[in-house]
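Everything on this sheet refers to the single structure shown next.
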2 protein chains.
Amino acid sequence: MKNVADLAGVGVKTVSRVINQERYVSADTIARVMRAAEQLQYQPDVQAGNLRRADRRTDTLGLLVGSVANPFSAAVHRAVEDAAIQRHVAVFASSLDDDPERERASVEAFLRRRVDGLILTTIQRSQAYLGPQLEQGMPVVFVDRKPNGLIADTVLTDNLEGAARGTRHLLAAGHRRIAFLGDSEEIYTAKERKRGYLDALRLEGVAPDPRLVIENLGEEAQAELAVNELLALDDPPTAIFSAQNLITIGAIIALRAQGASERVALVGFDDVPMASLLSPAVTVVAQDPSAIGAIAARRIFERLDGESEPARDFIVPTRLIKRGSGEIRPA
Amino acid sequence: MKNVADLAGVGVKTVSRVINQERYVSADTIARVMRAAEQLQYQPDVQAGNLRRADRRTDTLGLLVGSVANPFSAAVHRAVEDAAIQRHVAVFASSLDDDPERERASVEAFLRRRVDGLILTTIQRSQAYLGPQLEQGMPVVFVDRKPNGLIADTVLTDNLEGAARGTRHLLAAGHRRIAFLGDSEEIYTAKERKRGYLDALRLEGVAPDPRLVIENLGEEAQAELAVNELLALDDPPTAIFSAQNLITIGAIIALRAQGASERVALVGFDDVPMASLLSPAVTVVAQDPSAIGAIAARRIFERLDGESEPARDFIVPTRLIKRGSGEIRPA
DNA sequence: GTGAAAGCGCTAACAT
DNA sequence: ATGTTAGCGCTTTCAC
């Protein structure tokens, strides 16, 4: 900057004024400074500037997601990026990978870099460690999971209603023996989805059969085994509601292997890639990760712009996509 | 930092020493400083420190990919992140979205933030604008596409050999009329894949039929139309080699709609999600995005650590995954 | 409309 | 083993 100033024959502050497009600089001076900057290939240093700047903004955001390689997270990321780029804000993205250590480490790394705000999918038992930041007014939005030990803006899929809706769809097709395949009971979203399933059954006067409720399914292979068990029952289910992505895939594989995919109905929570090209095509209760990311980013920027209303939950509705597997009727 | 120093009753430099784990600080002093830091919830500011630091590193990397929401890019991203996190380097990720404007804007944003290195998928006709950075020794690695007007490290899928291999696989099954469905002719990877296809035919003594080569297919719908045209030919192809992800999906849809999916063989370049659950399951020449990301990151860090050998191309091999669609024999 | 000086949070260089 | 001073690239404050 000093060099540019010297070359243009002005003071550093004038260069600063031109770079930041402040007023009260003559057109002539602007032109001279621009030319000098061009000639020296001057790139302003955002970080250095933000050091002294009144609002102390770094124009960066920290985003922590399950894994940047997972489609849901990637869609959230993309939406956040699109919102950020318009404000010239850059996004640090980091993957959590179900590792509580990594959560703390990533958040610390963000904090050390003085991000303006945080969008987090969390896994630790408590997020109380973020208390000081919240008090200092740093915008923090939680995504997909509620924080523990902390009150903050949160963007959530309507897990309860979504799961109920999927279940009701199967009930409406005439099913009464509907199995539930769920994720780890410790996860908030998993609990909500199970609750939605049970609520829907209850409302229809169907007593839940505990043998049809299988939880703590972490990956495809476990879901496959679970479906095999279900089909081996004396009185097997005529339909399956699978409460998560990978579980749905596992269920598809198992149903197909057993030759039951055209007989046993299946509705999955969360969309599955290529779902419409499978046979039968897979009916799902789809989440809206783009909306989640967009809302989270919007909230961060609102807070940054001074919005100070109390923390809220933003509930994002789901969408039932009927493709075939969920419309199979009981024999 | 000043506050911590005061509270601990030491000078700022001593705090700095403790934070950076430099030697020559007594255990007792370390303890006092740590306690003070804890008490004040002190978070060092990485950026401020790097301002004066000799190596001027910001411990950040800029990553520009097609779209963080696309599975290939996401896998590259993930691999880069995993390498970076071990060095306490944070990654700015940005999506290109086939928009040359966005390429420039993102790179500028990275540069303004003084990233230590750049990993780029590019689209602009020329990357000469990065010349100054390269000369100044900033590590830049291009990924998936070669840069134009610039010599720099590049990590590439073996497009030529991969496409040849996919084509040879179809030839080996006895096909002689093999169609080629390609992306925009302007894209480097698309050109290479076409070349691989033609080379394989030539080597086998099969004269390419220009009516079987359809290019500039940007999305699924266009690929569908192309396949419909091909099947309507007097002498239709018995096999299709589709040179890109979305094109493969379009081809699957069209083949299925025409009832030809069990009759016409299909090999796709780049893996397709859920490929093994489709019927027929899709044979592909798979790329290895994780390897690409890992190699790119490794190269950046090698350069940062002083490696100064001339720029090289790193060629990442493909893998033929036989799943069914590519093993269909001609009638 | 413009510039000089101080200072943002930190590290380098040089004390002691 | 520890402290002091200058300075990184910029913005602020205030003077002209």
Grab the [atom1]-[atom2] distance between [X] and [N] for me, whole Å please.
| X | N | atom1 | atom2 | result |
| --- | --- | --- | --- | --- |
| B:K2 | D:dG3 | NZ | P | 12 Å |
| A:E22 | C:dG3 | CD | P | 13 Å |
| A:R53 | D:dT11 | CZ | P | 5 Å |
| B:L51 | C:dG7 | CG | C1' | 12 Å |
| B:Q43 | C:dC10 | CD | C1' | 15 Å |
| B:R113 | D:dC8 | CZ | P | 23 Å |
| B:K13 | C:dG9 | NZ | P | 17 Å |
| A:Q21 | C:dG1 | CD | P | 17 Å |

B:E38 with B:R35: basic N within carboxylate O range, under 4.0 Å
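Salt bridge absent between B:E38 and B:R35.
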Charged N to carboxylate O under 4.0 angstrom, B:D153 versus B:R303?
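Yes, B:D153 and B:R303 are salt-bridged.
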Is there a side-chain polar atom (N or O) of [X] under 4.0 Å from OP1 or OP2 of [N]?
| X | N | value |
| --- | --- | --- |
| B:S16 | C:dT11 | yes |
| B:R17 | D:dG3 | no |
| A:T29 | C:dG1 | no |
| B:Y42 | C:dC10 | yes |
| A:T14 | C:dG1 | no |
| B:N50 | C:dC10 | no |

Measure from the side chain of B:D45, starting at C-beta and using heavy atoms only, and say which of C:dG9, D:dT11, D:dT2 lies closest.
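In terms of side-chain proximity for B:D45, the closest of C:dG9, D:dT11, D:dT2 is C:dG9.
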A:Y24 has a side chain; which of D:dT2, D:dG9, C:dG1 sits nearest to it?
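Among D:dT2, D:dG9, C:dG1, the one nearest the side chain of A:Y24 is C:dG1.
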Just checking, is any N or O donor in the side chain of B:S290 or B:R78 under 3.5 Å from an acceptor N or O on the other one?
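Their side chains do not contain a donor-acceptor pair, so the 3.5 Å distance test is not met.
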A:T122 and A:E103: side chain donor to acceptor below 3.5 Å
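No, because no side-chain N or O of A:T122 sits under 3.5 Å from a partner of the opposite role on A:E103.
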Relative to the 5' end of DNA chain D, which residue comes earlier, A:N20 or B:R32, by the nucleotide with the nearest heavy atom?
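Closer to the 5' end of DNA chain D: B:R32.
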By nearest heavy atom, map A:M1 and B:R52 onto DNA chain D; which one lands nearer the 5' end?
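This one resolves to B:R52.
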Positive for salt bridge (charged side-chain N to carboxylate O under 4.0 Å, His left out) with B:R87, one of B:D59, B:D116, B:D305:
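Single pass found, and it is B:D305.
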By the 4.0 Å heavy-atom rule, please label A:V10 as base, sugar-phosphate, or nothing.
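The answer is sugar-phosphate, as A:V10 gets under 4.0 Å only of primed atoms, P, OP1 or OP2.
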